[in-house]
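Here the structure is a predicted model, which means the values were calculated and not measured. By convention in this document, chain letters (A, B, ...) are assigned in the order of the sequence lines, proteins followed by strands, and residues within each chain are numbered from 1.
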Protein chains: 2
Amino acid sequence: MLSDPSKIGRVSGTGAKRGRPPTFDRAKALAAATRLFWEHGYEATSIGELTKAMGMRPGSLYAAFGDKQGLFKEVVQAYGRSPVGAFMGAALEDEPTAREAFRRILRDAAAIYPDPSHPAGCLTISAATNVTVQDAEVAAFLRDLRNANLAAFETRLRTAQRDGELPATADPRALAAYFAAVIQGMSQRARDGATAAELTETAELALAAWPGAHG
Amino acid sequence: MLSDPSKIGRVSGTGAKRGRPPTFDRAKALAAATRLFWEHGYEATSIGELTKAMGMRPGSLYAAFGDKQGLFKEVVQAYGRSPVGAFMGAALEDEPTAREAFRRILRDAAAIYPDPSHPAGCLTISAATNVTVQDAEVAAFLRDLRNANLAAFETRLRTAQRDGELPATADPRALAAYFAAVIQGMSQRARDGATAAELTETAELALAAWPGAHG
DNA sequence: TCAATTCTTGAGGGATCGCTCAACAAGTAG
DNA sequence: CTACTTGTTGAGCGATCCCTCAAGAATTGA
């Protein structure tokens, strides 16, 4: 109701917008926020630290992102589209066999999680494990993402079983849960100081659980 | 200096102490605090929630435990001495072979972590993963405990190798890190809703990495 | 009974939390 | 130019954070 088509949507030929243009680069601001949330987690990162790192005052932050949860969710979405956050989905899609996909996932995790160019571990795994009751929604948001990854693992393994790659005796659900646990453990170990070399050994050992693998 | 032996230490025959006796049961108060820290983590648990659950006013809490960090450390120590918190050390000591020890550790973790009689997962693993800079010491406290567990794993595997239980080609350090990662991942999965049955399957799959295990 | 000791109590202090808002600045449209 | 729109700014609000302290209550020793 009360909709005026001439004011809905920007149909100007160039991307020229009205009003004062933002002085901050949204992508860079998100990158700064990502680093803080990744390192310390959602609640342990204050608006004050965020505004300082993002180079903007609280008013600008709230005008651009709504509130702290909105900023966090946009950070998580951007992380999920970045190479570092999307390597699992990429492996599941790119690799021809499930075996190769999970081997690549584990090896990538071993290389990425301890990479010193960013905070250790996986943001989705570790950024909202300790929250107060009033931020339970944020924890649930990441938990749902993790469980969605688990479901994607199971789906990939189930098609592998249908295609004959995986023996009929194998349990796709159990295998998926096992690999999910190993990956989450590798993230934790990276945050505790494990090196890429150590995590690679963990990845290789984990692959011994693959049906038919003899190690 | 200024030490008066008659005032140092309680040498009275009965356990009678001077002054007003505490109105709270220290063990029960610690149990209540443990539950909160376990569920929400160190910083996400406020003094207000603690005093309410422990049945004491802030002044009493600070007189009894020093400060929040002191209370937390005493909680962690009590947890480490409880059956639920000490099952790994118990298995390492009780079982005759390393293989049996790690099998029992994994199976116990699968049963204990999702047990509904207490918060999910392991307190040492999950209670201080998201902290502000001023509480970095608390995170380091738990990290050191985890890495000490890792070292105990490696030690047990090294003696197993010396005793001939483990082949010379096996890598005790890598195996220890692998099992540590699996256990930490199982704790995370339990907090994400994994059941004891699912975690038991994960435990069995994890054991496939044992040198010489086939299938 | 009277000190000495220990614990509880209620009030609240200083700092920080997430967040808001009126005033101002910088752009486009006519 | 004026009108309009959007972004920035600095001050600060109410709530909550961890923690403290003087006063009172409950015990023991003399």
Side-chain angles (χ1 to χ4, degrees), chain A residues 4 6-26 28-29 33 36-37 40-73 128 130-138, chain B residues 4 6-26 28-29 33 36-37 40-73 130-135 137-138:
Chain A
D4 182 352
S6 70
K7 292 189 176 180
I8 300 243
R10 304 258 164 67
V11 251
S12 55
T14 72
K17 299 172 199 163
R18 308 239 302 221
R20 178 175 179 172
T23 61
F24 68 96
D25 180 330
R26 195 176 185 91
K28 287 184 181 176
L36 285 176
F37 282 134
H40 300 290
Y42 177 73
E43 282 185 339
T45 303
S46 70
I47 296 290
E49 293 169 316
L50 287 166
T51 54
K52 184 178 177 184
M54 298 166 76
M56 53 200 306
R57 246 49 64 193
S60 299
L61 189 150
Y62 280 85
F65 299 100
D67 60 359
K68 194 184 177 186
Q69 288 199 17
L71 170 61
F72 182 72
K73 289 182 179 175
N130 300 147
V131 291
T132 58
V133 281
Q134 58 260 35
D135 282 325
E137 181 193 333
V138 177
Chain B
D4 181 354
S6 69
K7 292 188 176 179
I8 300 238
R10 303 257 162 69
V11 252
S12 57
T14 71
K17 300 172 198 162
R18 308 242 302 226
R20 177 175 179 171
T23 61
F24 68 96
D25 181 329
R26 193 176 187 92
K28 287 184 181 174
L36 286 176
F37 281 134
H40 300 289
Y42 177 74
E43 282 183 341
T45 303
S46 70
I47 295 290
E49 293 169 314
L50 287 166
T51 54
K52 184 179 178 184
M54 299 167 77
M56 53 201 303
R57 248 48 66 194
S60 299
L61 189 150
Y62 281 86
F65 299 101
D67 61 359
K68 195 184 178 187
Q69 288 200 17
L71 170 61
F72 182 72
K73 289 182 179 177
N130 300 147
V131 291
T132 58
V133 281
Q134 58 261 33
D135 282 325
E137 181 194 335
V138 177

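- The interatomic distance linking B:Lys52 (NZ) with D:dT16 (C1') rounds to 15 Å, in whole Å.
- One can place CG of B:Asp135 at 9 Å from P of D:dC18, the figure rounded to the nearest angstrom.
- Remark: B:Lys73 engages B:Gln69, B:Glu137, B:Phe141 in a side-chain contact (heavy atoms from CB on, under 4.5 Å) (not counting sequence neighbours).
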Base, backbone or nothing for each nucleotide of nucleotides 8-19 of chain C, written B, S, -, heavy atoms under 4.0 angstrom, 5' to 3'? BB-------SSB

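- Remark: B:Ala63 pairs with no residue by the side-chain contact (heavy atoms from CB on, under 4.5 Å) rule, at least two apart or across chains.
- Every side chain to side chain donor-acceptor pair (under 3.5 Å) that B:Arg26 has, sequence neighbours left out, goes to B:Glu74.
- For B:Ser60, the side-chain contact (heavy atoms from CB on, under 4.5 Å) criterion is met by B:Met56, not counting sequence neighbours.
- The side chain to side chain donor-acceptor pair (under 3.5 Å) pairs that include a residue from residues 41-50 of chain B are B:Glu43-B:Thr132, B:Ser46-B:Glu49, where partners are two or more places apart or lie in different chains.
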